[in-house]
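What follows is one structure encoded as structure tokens, with my remarks underneath.
Here is the naming used below: chain letters follow the sequence lines, and residue numbers restart at 1 for every chain.
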Amino acid sequence: MSRVRLSGRESGRSNASERGEDTMFKTNGREPRRMRNRTYTADAEPGDTVTVAGWVHEIRDLGGIAFLILRDTSGKIQVKFEKDEMDDDLVETGLGVHRESVISVTGEVAEEPRAPTGVEVTPESLDVIAEAEAQLPLDPSGKVDAELSTRLDNRTLDLRKDEVKAIFEIRAEVQRAVREQFRDLRATEINTPKIVATGTEGGTELFPITYFGKEAFMNQSPQLFKQLMVGSGLERVFEVGPIFRAEEHNTPRHLNEATSIDFESAFIDHTEAMDVCEAVVTAAYEAVEENCQDELEALGLEDEFEAPSGEFPRLTYEEAIQRINATGELDEQLVWGDDLPTEGEKALGEDVGEHYFITDWPSEIKPFYIKDHDDDETLSTGFDMMHPNMELVSGGQREHRFDHLVAGFEQQGLDPDAFEYYTKMFKYGMPPHAGFGLGGERLIMTMLGLENIREAVLFPRDRQRLSP
RNA sequence: GCCCGGGUGGUGUAGUGGCCCAUCAUACGACCCUGUCACGGUCGUGACGCGGGUUCAAAUCCCGCCUCGGGCGCCA
């Protein structure tokens with residue numbers, strides 16, 4: 001039986017124990033003495049005398065002998081109590097703690113084939129650092145399920161479960177890979193304001209706030225700011241950051257605070273933006289496949305997980321509605337100009353069976369800042385990138401010509417003056433540019449087959465949830 | 001915003017008018033058990049979201065409220 005290993009650490013990421021001793025509790029000389037030489041359970045080697053610290057996962061008392069399973073971020077280790085041969089106080093303390101209490105145990109590690117991980121610790125001393133209450137609001141050992149709502153109310157305990165922790169390790173890896181891919185493409189990471197004076201499009205619901213007595217809003221997208229930056233000396237930028245939407249929807253795929261992965265570049269067109277989009281999503285999958293095998297295993301996905309290979313099919317809007325109509329899944333046939341209903345998206349996704357783009361949308365159903373085709377102004381350069389189950393990305397070539405931009409505002413019933421901070425920069429040399437916004441949580445959700453987008457956020461904000 | 005469906009011990013559930021001072025699992029408490037690994041065994045503690053109504057009788061039916069989930073619309 002193989003030992004529980006430190007998640008992901010052996011696959012290229014830095015490992016404290018490889019650099020020498022555990023540094024986590026050594027860098028600060030003011031840490032309690034007993035923490036300085038703490039050893040991760042996964043690093044406890046037979047013959048060593050170690051101090052391991054973590055949570056009491058389970059106690060199995062067989063009478064004359066008892067086992068305490070101690071869990072930390074690296075895995076679990078068995079602590080053995082032989083009652084006749086050990087100090088009574090030590091036994092009483094060790095076996096008297098409630099599950100999920102934090103303890104530290106110092107003792108010798110021995111090879112033991114009968115132990116779950118092949119090694120076990122015989123305690124010489126034991127400290128109860130933080131006792132947990134007897135009744136827990138959810139069961140971190142996973143023997144009894146908890147509903148999502150209960151889990152979100154008790155996220156700390158929820159993330160003591162390997163399969164939940166794995167989602168966020170993977171999320172971190174996705175964000176790392178995405179940043180690396182953007183950096184490889186010479187894009188500069190930027191951070192734009194989340195408190196703004198005006199919305200991006202005006203149509204979508206915004207969260208109003210008071211800003212020193214003035215009306216302000218939480219930003220629903222970095223769209224306008226990232227466009228302003230392609231005209232700057234940076235030329236090509238990306239941002240991974242929060243967006244806020246006040247829509248009162250109640251679905252497993254919407255959040256009121258979400259993470260948007262945004263990209264925008266000067267001197268590229270919408271087809272090149274699609275190339276970047278494809279590269280970024282593929283890079284995220286490949287990084288997870290390469291560096292997160294333990295996490296995929298914890299989620300039971302080790303066999304089925306597969307990075308997309310090759311190019312994503314690019315369907316025009318017209319082809320898309322024809323294919324949807326051909327599936328016969330919809331009661332009414334779609335006609336040119338219709339937005340794609342959820343049911344249609346699903347039918348098409350099933351038909352295509354992989355990530356794909358929908359291009360050449362009718363101009364009228366795409367936002368004003370998306371450029372129309374030069375040879376056909378009824379056709380937009382806007383594109384969506386779809387996972388078979390849902391929309392992940394929206395992007396396009398942007399309107400960089402001042403006159404056309406202002407006309408677009410007016411056509412959508414927006415007051416160009418309210419956006420003067422934005423439009424005026426189009427008078428001083430704005431290059432042609434394109435980009436996209438990718439829903440970070442939707443990427444994680446579809447990648448891991450999560451049933452609810454809230455599972456991809458530590459502390460989701462939805463229509464009814466404002467805390468924790 | 002419109003529509004639909006839920007809320008039963010700490011947690012997850014069974015229970016569609018009387019068989020329910022409510023089922024099962026897990027947790028918790030006590031006791032037994034020297035190799036467990038979802039340890040096992042015996043006993044015990046613990047719940048019908050809130051308010052009102054119908055009825056001889058309500059967890060169960062009705063109304064309001066609170067709360068959770070979902071469908072549609074919408075969605076960078």
Item checked: Donor-acceptor contact below 3.5 Å, side chain A/Asp338 vs main chain A/Val335 -> yes
Notebook entry, point to check: Is A/Glu354 atom CD crowded by more than 12 heavy atoms from other residues, nucleotides or ligands, each under 6.0 Å away?
Noted result: yes
Check: Can you tell me the Watson-Crick or wobble partner of B/G9, both distances under 3.5 angstrom?
Finding: none
Margin query: If I pick the P atom on B/C63 and the same atom on B/C3, what distance separates them, to the nearest angstrom?
Written below: 15 Å
Notebook entry, point to check: Given that A/Ala134 and A/Glu112 both sit by RNA chain B, which one's nearest nucleotide is further toward the 5' end?
Noted result: A/Ala134
Notebook entry, point to check: Under a 4.0 Å N-O cut-off, is there an ion pair linking A/Glu399 with A/Arg401?
Noted result: yes
Notebook entry, point to check: When the P atoms of B/C61 and B/U8 are considered, how many whole Å apart are they?
Noted result: 15 Å
Check: Think A/Arg151 has a side-chain N or O under 4.0 angstrom from the OP1 or OP2 of B/G69?
Finding: no
Margin query: Distance check, C1' atoms only: B/U67 and B/G51, in whole angstrom units.
Written below: 15 Å
Margin query: Using OP1 and OP2 only, check whether a side-chain N or O of A/Thr342 sits under 4.0 Å from B/G73.
Written below: yes
Margin query: Does A/Asp339 reach a base, just sugar-phosphate, or nothing at all? Heavy atoms under 4.0 Å.
Written below: sugar-phosphate
Notebook entry, point to check: Can a salt bridge be assigned to the pair A/Glu319 and A/Arg314 using a cut-off of 4.0 Å between side-chain N and carboxylate O?
Noted result: no
Next item on the list: Grab the CD1-C1' distance between A/Ile453 and B/C75 for me, whole Å please.
Entry: 11 Å
Next item on the list: Hey, which sits more toward the 5' end of RNA chain B by its nearest nucleotide, A/Gly439 or A/Gln464?
Entry: A/Gln464
Note to self: Distance check, P atoms only: B/C19 and B/U34, in whole angstrom units.
What the structure shows: 45 Å
Checklist line | Any strand: nucleotide that pairs with B/G35 via Watson-Crick or wobble, under 3.5 Å | finding: none
Notebook entry, point to check: Counting side-chain heavy atoms from CB outward, which of B/G71, B/G1, B/A38 is closest to A/Thr251?
Noted result: B/G71
Item checked: Between B/A59 and B/G9 - C1' atom distance, rounded Å -> 14 Å
Notebook entry, point to check: Is there a donor N/O on one and an acceptor N/O on the other, under 3.5 Å, for the side chain of A/Arg442 and the base of B/C75?
Noted result: yes
Notebook entry, point to check: Which whole number of Å gives the distance between the P atom of B/A30 and that of B/U45?
Noted result: 15 Å
Checklist line | Under 3.5 Å donor-acceptor, A/Thr282 side chain and A/Ala279 backbone | finding: no
Next item on the list: Take the protein atom CG of A/Asp153 and the nucleotide atom C1' of B/U67, then report the distance between them rounded to whole Å.
Entry: 11 Å
Checklist line | Any donor-acceptor N/O pair under 3.5 Å between B/G35 base and A/Glu120 side chain | finding: yes
Checklist line | Under-4.0 Å salt bridge between A/Asp139 and A/Arg99 | finding: yes
Note to self: Around atom CD of A/Glu311, are there more than 12 heavy atoms from other residues, nucleotides or ligands closer than 6.0 Å?
What the structure shows: no
Notebook entry, point to check: A/Leu438 has an atom CG; how far is it from atom C1' of B/C75, in whole Å?
Noted result: 14 Å
Next item on the list: Could you let me know what B/U55 is paired to, Watson-Crick or G-U wobble, both distances under 3.5 Å, or none if it's on its own?
Entry: none
Next item on the list: Round to the nearest Å and state the distance from A/Gln78 atom CD to B/U34 atom C1'.
Entry: 13 Å
Note to self: Has A/Arg463 got a side-chain atom pairing as donor or acceptor with A/Asn250's backbone, closer than 3.5 angstrom?
What the structure shows: no
Notebook entry, point to check: Taking the same atom, P, in B/G10 and in B/G52, what whole-Å distance lies between them?
Noted result: 23 Å
Notebook entry, point to check: Could you state the CZ-C1' distance from A/Arg463 to B/G69, rounded to the nearest angstrom?
Noted result: 12 Å
Margin query: Let's see if you can work this out: which of B/G35, B/C72, B/C28 has an atom nearest to the side-chain heavy atoms of A/Arg253?
Written below: B/C72
Note to self: With a 4.0 Å cut-off on N to O distance, would you call A/Glu112 and A/Lys80 a salt bridge?
What the structure shows: no
Item checked: Reading 5' to 3' through nucleotides 4-15 of chain B, protein heavy-atom contacts under 4.0 Å coded B for base, S for sugar-phosphate only, - for none -> ------BBSS--
Margin query: Expressed as a whole number of angstroms, how long is the span from A/Ile69:CD1 to B/U36:C1'?
Written below: 8 Å
Check: Taking the same atom, C1', in B/G18 and in B/A57, what whole-Å distance lies between them?
Finding: 6 Å
Check: Over how many whole Å does the gap from A/Leu95 atom CG to B/U34 atom P extend?
Finding: 14 Å
Note to self: For A/Phe182 together with A/Phe238, are the ring centres under 6.0 Å from each other?
What the structure shows: yes
Notebook entry, point to check: Nearest to the side chain of A/Ser149, which nucleotide is it out of B/U34, B/C68, B/G73?
Noted result: B/C68
Check: Are any of A/His98's side-chain N or O atoms less than 4.0 Å away from OP1 or OP2 of B/G29?
Finding: yes
Margin query: Need one value for A/Gly437: base, sugar-phosphate or nothing, where a base atom within 4.0 Å counts as base even if backbone is also close, heavy atoms only.
Written below: sugar-phosphate
Notebook entry, point to check: Across the strands shown, which category fits A/Lys80 at heavy-atom distances under 4.0 angstrom: base, sugar-phosphate, nothing?
Noted result: base
Next item on the list: Please determine, for B/G29, whether a Watson-Crick or G-U wobble partner exists with both distances under 3.5 Å, and give it or none.
Entry: B/C43
Notebook entry, point to check: Would one find a side-chain N or O of A/Asn452 under 4.0 angstrom from OP1 or OP2 of B/G70?
Noted result: yes
Item checked: Rounded distance (Å) that lies between atom C1' of B/U26 and atom CG of A/Leu157 -> 16 Å
Next item on the list: Would you mind pulling out the nucleotide paired to B/C2, Watson-Crick or G-U wobble, both distances under 3.5 Å?
Entry: B/G71
